[in-house]
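Only one structure is covered here, and it is reproduced in the block below.
When a ligand or atom number is given, it counts from 1 through the structure's own listing order.
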Amino acid sequence: MAVSLQAAGAFAELPEPTDLVDQQHCMFCHTSDAPFLAPSFHQIAEHYRDTPNASTMLEDKLRHGGKAHWGDMAMPLPEDRGGPLSAGDARTLVRWVLSQ
Ligand code: HEC
């Protein structure tokens with residue numbers, strides 16, 4: 001019982017951090033549920049659901065880049081998306097993506 005309640009809480013969708021999403025143009029390439037230029041946020045959340053420390057890896061990737069996991073096209077760096085991204089903001093974005 002305790003476990004299932006916890007799980008429900010962890011997967012409840014968080015509100016969109018709209019200012020950050022706009023500033024970093026996330027929706028230019030992503031949508032929440034249909035793969036477009038990039039995997040959908042729903043696919044990404046599914047993919048990492050059982051991966052421990054996925055959020056740490058993704059926060060780092062959002063801020064500093066890294067090799068592509070989904071195809072040939074890697075994500076542009078924050079500087080090319082609209083400006084530098086702080087650790088706290090990266091965390092907010094990743095938690096939101098993984099909640100979808
Ligand atoms: C210019 C297009 C573009 C923009 C803008 C963009 N992305 Fe992406 N994103 C991609 C592509 C392409 C991939 C797949 C890259 C890969 O295989 O790692 C991706 C992958 C991801 C992943 C999964 C990374 C992995 O290693 O599995 C996350 C999380 C993500 N994006 C979040 C975001 C967020 C949050 C924003 C806004 C801050 C954003 N993206 C903006 C194109 C974009």
Side-chain angles (χ1 to χ4, degrees):
M1 190 57 188
V3 171
S4 67
L5 277 178
Q6 227 174 15
F11 299 148
E13 195 168 323
L14 297 171
E16 178 182 304
T18 309
D19 288 351
L20 274 173
V21 170
D22 286 353
Q23 184 216 321
Q24 293 274 315
H25 303 291
C26 307
M27 299 333 233
F28 187 79
C29 303
H30 293 275
T31 72
S32 80
D33 52 15
F36 173 45
L37 294 173
S40 72
F41 286 150
H42 191 75
Q43 278 181 304
I44 293 170
E46 279 293 315
H47 184 80
Y48 289 110
R49 193 139 285 168
D50 299 320
T51 310
N53 303 324
S55 56
T56 314
M57 183 281 286
L58 292 173
E59 282 162 32
D60 192 64
K61 188 163 170 177
L62 268 191
R63 298 185 68 209
H64 307 297
K67 74 174 180 54
H69 287 150
W70 296 80
D72 298 333
M73 183 176 151
M75 200 152 56
L77 289 169
E79 288 72 25
D80 300 320
R81 288 195 313 253
L85 188 64
S86 73
D89 287 350
R91 192 176 175 82
T92 304
L93 284 166
V94 167
R95 287 185 54 179
W96 167 66
V97 169
L98 293 180
S99 80
Q100 300 194 43

Degrees at atom 8 (Fe) of ligand 1 between the NE2 atom of H30 and the SD atom of M75, nearest 10°: 170°
Minimum heavy-atom distance R81-H25, with the two atoms named: O-CD2, 2.6 Å
Per-residue contact class, L85 against ligand 1 - non-hydrogen pairs under 4.0 Å: neither
Closest protein heavy atom to atom 17 (O) of ligand 1, given as residue, atom name and distance to 0.1 Å: W70 N, 2.4 Å
Top protein contact for atom 15 (C) of ligand 1, by heavy-atom distance: M73 O, 3.2 Å
Atoms in ligand 1 with a heavy atom of P39 nearer than 4.0 Å: 13 (C), 14 (C)
Ligand 1 contact by Y48, heavy-atom criterion under 4.0 angstrom: yes
Shortest protein heavy-atom distance from atom 11 (C) of ligand 1, along with the residue and atom involved: A38 CB, 3.5 Å
Atom 8 (Fe) of ligand 1 reached by C26 (N, O or S, under 2.8 Å): no
From CG (N53) to CG (D60), nearest 0.5 Å: 12.0 Å
Numbering as shown, the atoms of ligand 1 that approach G71 to under 4.0 Å (heavy-atom distance): 17 (O)
Numbered atoms of ligand 1 (with element) below 4.0 Å of H25, judged on heavy atoms: 5 (C)
K61 N/O under 3.5 Å from ligand 1 N/O: yes
Part of H69 within contact of ligand 1 (heavy atoms, under 4.0 Å): both
Taking atom 32 (C) of ligand 1 as the reference point, the nearest protein heavy atom with its distance: F41 CE2, 3.6 Å
Single-linkage hydrophobic cluster, 4.5 Å side-chain cutoff, L77 and M27 together: no
Q43 side chain near E46 side chain, heavy-atom distance below 4.5 Å: no
K67 side-chain N/O to A74 backbone N/O, donor-acceptor pair under 3.5 Å: no
C29: numbered ligand 1 atoms lying under 4.0 Å from its heavy atoms: 1 (C), 2 (C), 3 (C), 4 (C), 5 (C), 42 (C), 43 (C)
Element-labelled atoms of ligand 1 that are located less than 4.0 Å from some non-hydrogen atom of I44: 21 (C), 22 (C), 23 (C), 28 (C), 29 (C)
Test item: S99 and E13 side chains (from C-beta on) under 4.5 Å apart, heavy atoms: yes
Whether R91 side chain and E59 backbone form a donor-acceptor pair below 3.5 Å: no
Contacting atoms of ligand 1, where contact means under 4.0 angstrom from a heavy atom of L93: 38 (C)
Nearest neighbour in protein (non-hydrogen) for atom 24 (C) of ligand 1: L58 CD2, 3.6 Å
Validation row: V21, W96 side chains within 4.5 angstrom (heavy atoms): yes
Shortest non-hydrogen contact from P17 toward L93: CG-CD2, 4.1 Å
Test item: E16 and F41 side chains (from C-beta on) under 4.5 Å apart, heavy atoms: no
Donor-acceptor pair, side chain of R63 and main chain of L85, under 3.5 angstrom: yes
